[in-house]
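Heads up: numbering here begins at 1 and tracks the sequence.
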Amino acid sequence: MKKLLASAAFGLAVPASGQVAAPGDGITLSSNAWSTAPTRWTVHRDGSVDDARGAGGPAITLPVEMVTHYLPPMRGRYATIEHLLAPVRGVVGRKIECVSEHSDDYRGRVVWSDGVWLTYSFGCDGPANQPIIDSVRAASAQVSAWTANAPVVRRYRITTPKEFNKQ
């Protein structure tokens, strides 16, 4: 059975006021999956990076100790992530056909500095979704490589996914 991811999940972020979401200063990707610690990173226009994830890697149960790594500005980082996520940006506003969907796989959101966003799901089986998965993985791997030895600037504990979303 074929399914379509809701078109409302792809496109401009429109808050209750009906305006496009306020622009930020970078590209942010958030991700979570069943039985894993959530992650969220931002590559700012100046090339600085904030990368929040579970200490010690994916977690099986909550509570989870979270750490945020920070890298100071560096030329080229923003352009690199913008390039890696170009295929994702290219499908904003289009319906993505899923042959089937696994609800316990990675899902998340990419938000660009101009307020445009896209919600993605690695559990959407379909050829149109593969470029999204590949781009998200490549961008996330690049951020992880950059921040692997970066200093930890914050440690905190979450007991529910909602707590992470408030951070």
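- The shortest distance between side-chain heavy atoms of Pro73 and Ser48 falls below 4.5 Å.
- Residues Ser31 and Tyr120 meet the side-chain proximity criterion, which asks for heavy atoms closer than 4.5 Å.
- Residues Asn129 and Phe122 have side chains not in contact (no heavy-atom distance under 4.5 Å, counting atoms from C-beta outward).
- For Ala86, there are no side-chain contact (heavy atoms from CB on, under 4.5 Å) partners, not counting sequence neighbours.
- Residues Ser121 and Arg107 approach most closely at OG-NH2, 3.6 Å, considering heavy atoms.
- In summary, the side chains of Ser30 and Arg109 do not present any donor paired with an acceptor at a separation below 3.5 Å, with no hydrogens or angles considered.
- Sorted by first and then second residue, the salt bridge (charged side-chain N to carboxylate O under 4.0 Å, His left out) pairs with a member in residues 75-92 read Arg89-Asp114; sequence neighbours excluded.
- Remark: Thr68 pairs with no residue by the side-chain hydrogen bond (donor to acceptor under 3.5 Å, both in side chains) rule, at least two apart or across chains.
- Within the hydrophobic cluster formed by Ile, Leu, Val, Met, Phe, Trp and Tyr side chains joined at under 4.5 Å, directly or through other members, Val153 is accompanied by Tyr70.
- Of all non-hydrogen atoms in Gly90 and Arg94, the two that sit nearest each other are O-NH1, 3.5 Å.
- Looking only at atom types and distance, the side chain of Gln142 has no donor-acceptor partner in the side chain of Thr80 under 3.5 Å away.
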Using atom types as modelled, flag every donor-acceptor pair under 3.5 Å from a side chain in residues 132-139 to any protein atom, sequence neighbours excluded.
from: Asp134; atom 1: OD1; to: Gln130; atom 2: NE2; distance (Å): 2.8
from: Ser135; atom 1: OG; to: Leu84; atom 2: O; distance (Å): 3.3
from: Ser135; atom 1: OG; to: Pro131; atom 2: O; distance (Å): 3.0

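- Among residues two or more places apart in sequence or in another chain, the side-chain hydrogen bond (donor to acceptor under 3.5 Å, both in side chains) test is passed with His44 by Asp25, Asp50.
- Among pairs with a residue in residues 144-153, those fulfilling side-chain hydrogen bond (donor to acceptor under 3.5 Å, both in side chains) read Asp51-Thr147, Arg53-Ser144, at least two apart in sequence or across chains.
- Nearest heavy atoms, Leu85 versus Trp41: CD1-CH2, 4.2 Å.
- Applying the side-chain hydrogen bond (donor to acceptor under 3.5 Å, both in side chains) rule to Arg45 yields the partners Ser113; only residues at least two apart in sequence or on another chain are considered.
- At a threshold of 4.5 Å between non-hydrogen side-chain atoms, the residues Met66 and Arg157 do not count as touching.
- Under the side-chain hydrogen bond (donor to acceptor under 3.5 Å, both in side chains) criterion, Thr28 pairs with Thr42, sequence neighbours left out.
- Met74 and Ile81 are members of different hydrophobic clusters when ILVMFWY side chains are connected at heavy-atom separations under 4.5 Å.
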